[in-house]
Structure formats: structure tokens, C-alpha cells
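Small disclaimer: the values here were computed from a predicted structure and weren't measured. Count residues from 1 along the sequence.
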Amino acid sequence: MHSPVLLVVAHGSRDPRHAATVHALTRRVSSLRPGLRVETAFLDFNAPAVPQVLGRLAAEGVRDVVALPLLLTRAFHAKADIPAVLRQAPPALRIRQAEVLGPSPLLLASVQRRLYEAGLTPADMSSTGLVLAAAGSTDPEAIAVIAQTARELRHTGWCAVRPAFASASLPRTEGAVRALRADGCARVAVAPYVIAPGRLPDRIAAGAAEADVVADVLGDSPELARLLLRRYDEAGVQHLLAATA
């Protein structure tokens, strides 16, 4: 019996760095679990599109697919766009939509990794204020998850942690940087809470001009790759539980 194909569904971007980063991440996922078939598709801007990949899988005789949204929160894309495109799949396919990536301790670990790679050390944390800079959303659930993630990071030892957003929500990155300065933090770091480069991450970087340290996007971090496999496995377990209920 073959394992379901893992279909990673990314948003897509006109910025070529976005697709390159997504493919680097899915290659790392494949390297962590040899034998698992991992496919990548995009909602917009990049090829292949989700319907194209689903049609190809059905034509090859694949029957089971776990569609994993490459999203950090359950906002509009996870609640509406992805389910809508999956409903258009060939009827021969049995598709399970996995949960979005966040929240997860593995995401916190990925953020910490990028900050350390940017030059910070654990000894710097108590004197460093951190801006957790997300893309932004109008969805209250997504905003609440970002705020909770910031609180969890604060408990790991940072001087203070403030969430910020590149669009749709406030505060902006530059405002959060200045607020941490006003709070008395000796150093301010910005951690982009985004997976891949693009227009909004560039806006985060521009807003971080007054920060002392700016980390990279989460990208193909080992923690993120492990999290994709965790969500894939959870989708399979949930399916088995439902089948035996």
C-alpha cells in the first residue's frame, strides 16, 4: 500500500525567490523521508498550479493525496481558497487537507535559529527586544495566533516581544521597533515570521531599517521541514481515526 502523496500548496509570488525557497524546503522534506513522494503546487503566479498537479496525479493512477497548506495561520487562503481549488480535483483522488503549520514549537525553534544565524546568542536575549513581523491578515483568528506566538517567544527569555505586520493589520514593523526602544531594550531584533521572500517580506525588511539585527525568513529551515512532515502524519492519523469511528 502506497503512502499518500504529500502535495505542498504554496501561495506563489511574482518574486522568483519565493518559488526557489519553496522548492528548497520541499527538497529538504524529501531528504528527511526518502520514499515519500512530495509535490509542490501554487495558488497563484507560479507554475505548476494546483489543478495541474492534481490532474497529473490522477492520470498517473494516484489515489490518495494529503494537501498541506504552506501557511503559518488559518486565514482566508486556508479557509476558502485552498478548499475551493481542492473541490475541483478529479473524482478519482481522495484528498485530505492537512492543518496549517502554526502554531507549533517547531516554528518558535525556526525563528530562534534564524536569529542566532543573524548573529545573536542566547546570552543576548535578556537585553534584546524582538519584533515578530508577520505578513498580516484581516482574519481575527490569524491575528490572535501571531499575538500568542509573540507571547510564547517572550517566555523563552527575550527582553520583550512585539508582533508587527507588513499589511492589513497594525502595528507596522518600524512602529514596533521604536516601541521596543522606548521600552528600554538595549538592542532590537526583527524576526520575519514568513516562509519565503517576496513583496511583504521586503516591506518587513524596509521597516526594520532602525533595528540592530534582522533575521532571514524561515525558508528551508530543518525545523520547518520537520513540521511539514508532522502535519502530513497528523492528517493520516486523523483519516484512520475517522475511518474506524
Side-chain angles (χ1 to χ4, degrees), residues 10-25 28 45 69-73 75 77 100-121 124-125 128-137 139 142-154 156 158-181 185 187-225 227-228:
H11 181 274
S13 171
R14 292 185 177 90
D15 189 322
R17 297 173 299 167
H18 176 92
T21 301
V22 171
H23 287 302
L25 174 60
R28 186 182 286 273
F45 302 117
L70 196 62
L71 301 168
L72 298 177
T73 61
H77 293 306
V100 297
L101 300 175
S104 169
L106 285 169
L107 287 174
L108 302 183
S110 184
V111 169
Q112 300 271 43
R113 171 188 289 275
R114 294 307 190 214
L115 288 162
Y116 295 156
E117 290 172 349
L120 293 172
T121 69
D124 296 321
M125 293 173 65
T128 302
L130 178 62
V131 177
L132 185 71
S137 174
D139 189 298
I143 298 301
V145 168
I146 299 300
Q148 177 61 31
T149 302
R151 287 192 291 271
E152 291 175 0
L153 278 168
R154 172 68 181 88
T156 64
W158 298 96
C159 170
V161 181
R162 287 179 176 263
F165 305 93
S167 68
S169 313
L170 293 174
R172 295 287 183 261
T173 304
E174 52 269 34
V177 169
R178 291 167 189 153
L180 288 169
R181 296 259 190 237
C185 297
R187 183 189 298 103
V188 175
V190 173
Y193 196 59
V194 292
I195 293 172
R199 178 176 57 88
L200 294 179
D202 283 349
R203 191 178 294 175
I204 291 171
E210 296 178 17
D212 301 291
V213 176
V214 182
D216 200 357
V217 298
L218 302 180
D220 63 340
S221 72
E223 296 84 3
L224 194 56
L227 180 54
L228 264 66

Roughly how far apart are Tyr193 OH and Thr149 OG1, rounded to 0.5 Å?
4.0 Å
The reported gap from CD1 in Ile146 to CG in Leu72 (rounded to nearest 0.5 angstrom) is 6.5 Å
Reported CD-to-CG distance for the pair Glu152 and Leu132, which is rounded to 0.5 angstrom:
10.5 Å
Nearest atoms (heavy-atom pairs only) where Tyr116 meets Thr121
CE2-C, 4.0 Å
Indicate yes or no for a side-chain donor-acceptor contact from Asp212 to the backbone of Ala189 under 3.5 Å, with no hydrogens or angles considered.
no
Output yes when a side-chain donor or acceptor of Arg154 lies under 3.5 Å from a complementary backbone atom of Trp158, and no otherwise.
yes
For residues 195-206, tabulate all N or O donor-acceptor pairs below 3.5 Å that involve a side-chain atom, not counting sequence neighbours.
unit_1 : atom_1 : unit_2 : atom_2 : d
Asp202 : OD1    : Arg17  : NH2    : 3.1
Asp202 : OD2    : Arg17  : NH2    : 3.0
Arg203 : NH1    : Ala166 : O      : 2.9

Is there a side-chain contact (heavy atoms from CB on, under 4.5 Å) between Leu153 and Leu108 once you walk through the steps?
CA-CA 7 Å; Leu153 278 168; Leu108 302 183; 3.8 Å; yes
Apply side-chain contact (heavy atoms from CB on, under 4.5 Å) to residues Leu101 and Leu228 and explain how you reach the verdict.
CA-CA 7 Å; Leu101 300 175; Leu228 264 66; 3.7 Å; yes
Considering all heavy atoms of both residues, which atom of Asp124 and which atom of Thr128 are nearest to each other, and what is their separation?
O-OG1, 2.7 Å
Once the angle between the rings of His11 and Phe45 is folded into 0 to 90°, is it parallel (under 30°), tilted (30 to 60°) or perpendicular (over 60°)?
tilted
When you check the gap from the basic side-chain N to the acidic O, do Asp216 and Arg113 get nearer than 4.0 Å?
no
Closest heavy-atom contact between Ala176 and Arg162?
O-CD, 4.0 Å
Out of curiosity, Arg28 CZ to Leu224 CG, how far, rounded to the nearest 0.5 Å?
9.5 Å
To check you understand the geometry: which heavy-atom pair defines the closest contact between Glu223 and Leu106, and what is its length?
CB-O, 3.4 Å
Here the gap from Cys159 atom SG to Leu130 atom CG, rounded to the nearest 0.5 Å, amounts to 10.5 Å
Ser221 and Ser110 have their tightest heavy-atom pair at OG-OG, 2.7 Å
Do you know which two heavy atoms are closest between Ala191 and Ala215, and how far apart they sit?
CA-CB, 4.3 Å
Supply the atom-to-atom distance His23 NE2 to His18 NE2, rounded to the nearest 0.5 angstrom.
9.0 Å
